[in-house]
Amino acid sequence: MAHKSGFVNIIGSPNVGKSTLMNQLVGERLSIITSKSQTTRHRITGIVNSDDYQIVFSDTPGVLDPNYKLHENMMGFVNSAMKDADIILFVTDIYETKVNHERTLERLKKTSIPVLVLLNKIDQGNQELLEEKIAHWKNELPNSNVFPISALEGFGLEPIWEFIHTTLPESPPYFDKEDLTDRPLRFFISEMIREKIFETYKKEIPYATQVVVDSYKEEEDIVRIMATIFVERNSQKGIIIGHQGKKIKHVGIKSRQLIEKFIEKKVFIELRVKVDENWRSNDRKLESFGY
Ligand SMILES: Nc1nc2c(ncn2[C@@H]2O[C@H](COP(=O)(O)OP(=O)(O)OP(=O)(O)O)[C@@H](O)[C@H]2O)c(=O)[nH]1
Ligand SMILES: [Mg+2]
């Protein structure tokens, strides 16, 4: 059998479960997941290899109308994923009533790339709602298959695999067959810290933060990590640190536990907070943060 390989790109509105799906498909917790929208900010690759195929999944930020330069750059990741896909997995959920980005919907209607509509979170819906939503999406995107799934429970994924296996083009692999992703470990460390920031602070604070891993030193029985949390204003710095440093200590503990699970080694982590004014609007800073 000829070797098959290609890009399967996951797109959709914020918070519909794209990252949860990607992690389920890849079988590793590569993309961070939180209950807040706009969690994912990059295009994150997860690669599934076997002898006769290589599937390159991409998780992307939720589609939105940009308020910051950061958002514009995030939408750049989505646009690239729309263009270079061999298969598009368009994720929606049973709660999404109207896709608030008409342009994306229009592109999906016109594209010659095969699109699967994945109706997620069916573990929370009833039969009536499900049928209504399936009919809605069949009407909106008549050329696409609509599959009901629960990314959280790993339910309904088999038809996705079948579709990918039959649709993936014949091609040599794009990446080394040992690779799981194209991003360095430091990226995932900073993302895990960001996940804990999203879980710890309320409202706008997590959105104003950026995490950079300054050093990652592997010793015989421990990994020592130093990272900086950037915020936009001095007042935010105080909130991140918290009364007597309690909040940032909490983030440190939670991140350490998560990173230890990921790298299967004992971790020591030191977090610092720095103000970098308006980094979300500054081209040069965004570039230095990898956006
Ligand atoms: N009940 C239920 N919850 C789900 C399911 N899939 C994801 N979730 C939850 O939905 C929330 C958002 O999940 P994510 O995977 O971060 O969503 P996302 O689309 O990547 O979000 P952004 O990166 O912000 O665009 C989390 O609280 C998940 O636990 C599902 O199948 N069922
Ligand atoms: Mg995400």
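The structure presented is a predicted model; accordingly, all values stated were derived computationally and were not measured. One-based numbering, in listed order, for ligands and for the atoms of each. Numbering starts at 1 and runs along the sequence shown.
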Leu119, Ile87: one ILVMFWY side-chain cluster at the under-4.5 Å cut-off? no
Rounded to the nearest 0.5 angstrom, the CG-NE2 distance for Asp52 and His3 is 7.0 Å
Report all N/O contacts between ligand 1 and the protein shorter than 3.5 Å as a table of atom names and distances to 0.1 Å; if there are none, say 'none'.
unit_1   : atom_1 : unit_2 : atom_2 : d
ligand 1 : 1 (N)  : Asp123 : OD2    : 2.8
ligand 1 : 1 (N)  : Gln124 : NE2    : 3.4
ligand 1 : 6 (N)  : Asn120 : ND2    : 3.2
ligand 1 : 10 (O) : Lys121 : NZ     : 3.2
ligand 1 : 15 (O) : Ser19  : N      : 3.4
ligand 1 : 15 (O) : Thr20  : N      : 2.9
ligand 1 : 15 (O) : Thr20  : OG1    : 2.6
ligand 1 : 17 (O) : Gly17  : N      : 3.1
ligand 1 : 19 (O) : Asn15  : N      : 3.4
ligand 1 : 19 (O) : Val16  : N      : 3.2
ligand 1 : 19 (O) : Gly17  : N      : 2.9
ligand 1 : 19 (O) : Lys18  : N      : 2.9
ligand 1 : 19 (O) : Lys18  : NZ     : 2.7
ligand 1 : 20 (O) : Ser19  : N      : 2.9
ligand 1 : 20 (O) : Ser19  : OG     : 2.9
ligand 1 : 21 (O) : Asn15  : N      : 3.0
ligand 1 : 23 (O) : Thr40  : N      : 2.9
ligand 1 : 23 (O) : Thr40  : OG1    : 2.8
ligand 1 : 24 (O) : Gln38  : N      : 2.7
ligand 1 : 24 (O) : Thr39  : N      : 2.8
ligand 1 : 25 (O) : Asn15  : N      : 3.3
ligand 1 : 25 (O) : Lys18  : NZ     : 2.8
ligand 1 : 25 (O) : Gly62  : N      : 3.3
ligand 1 : 31 (O) : Asn120 : OD1    : 3.0
ligand 1 : 31 (O) : Asp123 : OD1    : 3.3
ligand 1 : 31 (O) : Ser150 : OG     : 3.2
ligand 1 : 31 (O) : Ala151 : N      : 3.0
ligand 1 : 31 (O) : Leu152 : N      : 3.1
ligand 1 : 32 (N) : Asp123 : OD1    : 2.7
ligand 1 : 32 (N) : Asp123 : OD2    : 3.3

For the side chain of [X] and the backbone of [Y], is there at least one donor-acceptor N/O pair under 3.5 Å apart?
{"X": "Asp179", "Y": "Thr181", "result": "no"}
{"X": "Thr166", "Y": "Phe163", "result": "yes"}
{"X": "Asn9", "Y": "Met82", "result": "no"}

Between the side chains of Arg280 and Glu232, is the shortest nitrogen-to-carboxylate-oxygen separation below 4.0 Å, so that they form an ion pair? yes
Check the orientation of Phe289 and Trp279. Use parallel for under 30°, tilted for 30 to 60°, and perpendicular for over 60°. perpendicular
In short, Phe198 meets Lys36 closest at the heavy-atom pair O-NZ, 2.9 Å
Report the C-alpha separation of Arg43 and Ser58 in whole Å, then their side-chain angles, then the decisive distance to 0.1 Å, and conclude whether the side-chain hydrogen bond (donor to acceptor under 3.5 Å, both in side chains) test is met. CA-CA 6 Å; Arg43 178 168 173 174; Ser58 287; 3.0 Å; yes
Near the Mg ion (ligand 2), which protein N/O/S atoms are found at less than 2.8 Å? Ser19 OG, Thr40 OG1
